[in-house]
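Worksheet for the structure shown next.
Throughout, protein chains are lettered first and strands after them, A, B, ... in sequence-line order, and every chain is numbered starting at 1. Note that the structure is predicted; figures quoted are calculated from it, not measured.
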Amino acid sequence: MIELRTSPHVRGAPSVDQIMRNVVYTLLPVCAFSVYQFGISAFALILVAVLSCIGTEHLFCRLSDKPTTVGDFSAVITGILLALTLPPGFPLWMAALAGFVGIALAKVMFGGIGFNVFNPALVGRAFVQAAFPVAITTWTPAFAPGRFTEFIPSTWTFPFAEPVPVAQWIKDIAVDGFTGATPLALEKFGNAGVSHVHTNTADLFMGMTAGSAGETSALLILICGSYLAVRRMMDWRIPAAMITGAFVTAGLFFTIDPDAYPAPLFMLFSGGLMLGAMFMASDMVASPVTPAGVWVYGILIGVLTVIIRLFGGLPEGVMYAILFGNAASPLISAVTQPRVYGTRRKKKAES
Amino acid sequence: MTYQPRKQKPITPDTFLRGIWRENPVFVMLLGLCPTLAVTNSTINAIGMGLATTFVLLGSSLLVSLLRNLIPKQVRIASYIVIIATFVTIVDYAIHALSLELYNALGAFIQLIVANCVILGRAESYASKNRITKSLVNALGMGVGFTFALLCLGSVREILGSGTLLGFPLFGDSFQPWVVMILPPGGFFVTGAWLLLFSWLQERRQRKAAKEEEAIHAPG
């Protein structure tokens, strides 16, 4: 039997809450892998970052006498994304601070959800990167034995105190060949006299390396991101453009001098590029809205990421590239306005 | 025609106090933000800068007020700048002689007091229209207000950024300094936080006043 109905036949578009909840669901596998890889420290990190973000948003809503907006799940996403970009052994008090700064500075100050100029998670991370440059580049090995029963020592650092040193702990658990550096740092700064240490691309793709809590497995992030794109809860063109931009730029340098520059595939699967492309650059609020602008925005971020990685002082550039893209997106939107149907492409200026 | 002084309002406590709170140059009028952001990475720098600015403010207000009927209107800004620059030069040499450390820490920002709009603003809008004592009292209030604002910023930035206050460690060795706080971005963050606090307080006061007004006029 065919059900006959009058128009409209289109069902309601998903609400903001629904989209946000779906993003949280797609981030859960990434979190699970992070906990599997780095143990209970990663779990505590994610929990604290999420709680801090929710608490901050609730607090500011109370202060401004507005109904609380924590129910829309966007603060949860910010917290998860923030935790996934931090080193697994990052002191919890610093993670809480990052969550507070991210939500307070980048979100509620601009008017809450829908008005943030920058991605709040990345603003929080940028703040702790600038405030605690040592703690945020202290990496601990993946798949440490006993990771499900004991915390990384630096996790439970007393608030406002220096992180507990982890060098001895890493030595004690004796993970073979761990040098305390991510594949990107190895590639850029080398190790033990070798100028460029390459990492197996397959390991990078699967996520068998050290790195931030949730950025390691490119495969898993790709799958989760694709789900969102299929459900049309994310603009697939942004990650596609960003990955294309990064791939082409890295490929260009690799063709010029394969010894000095890393392979393009390494560029794609290392560091936070995948996570950034899938979940951060595609932030619905802080990215352009025009069809052409989306491509310009993605490619700009991709190119900038590679440029910062190859020529900047830091091994990783995704965060700054995305923040720069966020800043440029109103401009990109303005110059890529599509032609209104029925008007001429080039209108002579009327004097 | 003989010169006839205009009738002026007498000096009230408000002449002095408005610069500290209600018309605070940094937190309310948002003037002089360049030194505010640049040299408040430690309390000592903040105090040094605040006092230097206060001195220039007093000196220039005195001279401008003294000469206010002699300076032709057309060249008044240039004249004010010359007067301010004179006092800045004095301060510059004085700090150089008294404390080389502070001199190096403040760097070019001592000379840049010339361009501080708090000072030119006072000369243009107050000292050139008011009697000497009144101008001086007002300038002192503004100077104290400016120093107070710099102190607010400098102390927060020093405590968070290096864990010290006036150079004395506060928290012991294990304190983790927030490096960003003594860098330029920290200046913007802390300024923004103070501005937020001030406008929040102001708004709350206004809301309270409105409510009281309502209560008075309410029937019954």
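- The aromatic rings of B:Trp178 and A:Phe127 lie perpendicular to each other, with more than 60° between the two planes, well past the 30° mark.
- Heavy atoms from other residues, nucleotides or ligands lying under 6.0 Å from CD of B:Glu101 number 12 at most.
- For A:Trp93, the CH2 atom counts as densely surrounded, since its 6.0 Å shell holds more than 12 non-hydrogen atoms of other residues, nucleotides or ligands.
- B:Leu196 touches chain A through its side chain: at least one heavy atom from C-beta onward sits under 4.5 Å away, while N, CA, C and O do not.
- Among the candidates A:Pro163, A:Ser64, A:Ala161, the residue making the largest number of heavy-atom pairs closer than 4.5 Å to chain B is A:Ala161.
- Between the CZ atom in B:Phe175 and the CZ atom in A:Phe160 there is a gap of 7.5 Å [rounded to 0.5 Å].
- Interatomic distance, B:Phe189 CZ to A:Leu105 CG, rounded to the nearest 0.5 Å: 5.5 Å.
- Around atom CZ of A:Phe324, no more than 12 heavy atoms belonging to other residues, nucleotides or ligands sit under 6.0 Å away.
- When the shell of 6.0 Å around CZ of A:Phe311 is examined, it contains more than 12 heavy atoms from other residues, nucleotides or ligands.
- No more than 12 heavy atoms of other residues, nucleotides or ligands shown are found within 6.0 angstrom of CZ on A:Phe43.
- Taking CZ of A:Phe158 as the start and CD of B:Gln176 as the end, the distance is 14.5 Å to the nearest 0.5 Å.
- A heavy-atom distance below 4.5 Å is not found between the side chains of B:Val179 and A:Gln129.
- The structure places CG of A:Leu63 at 10.5 Å from CZ of B:Arg204, a figure rounded to the nearest 0.5 Å.
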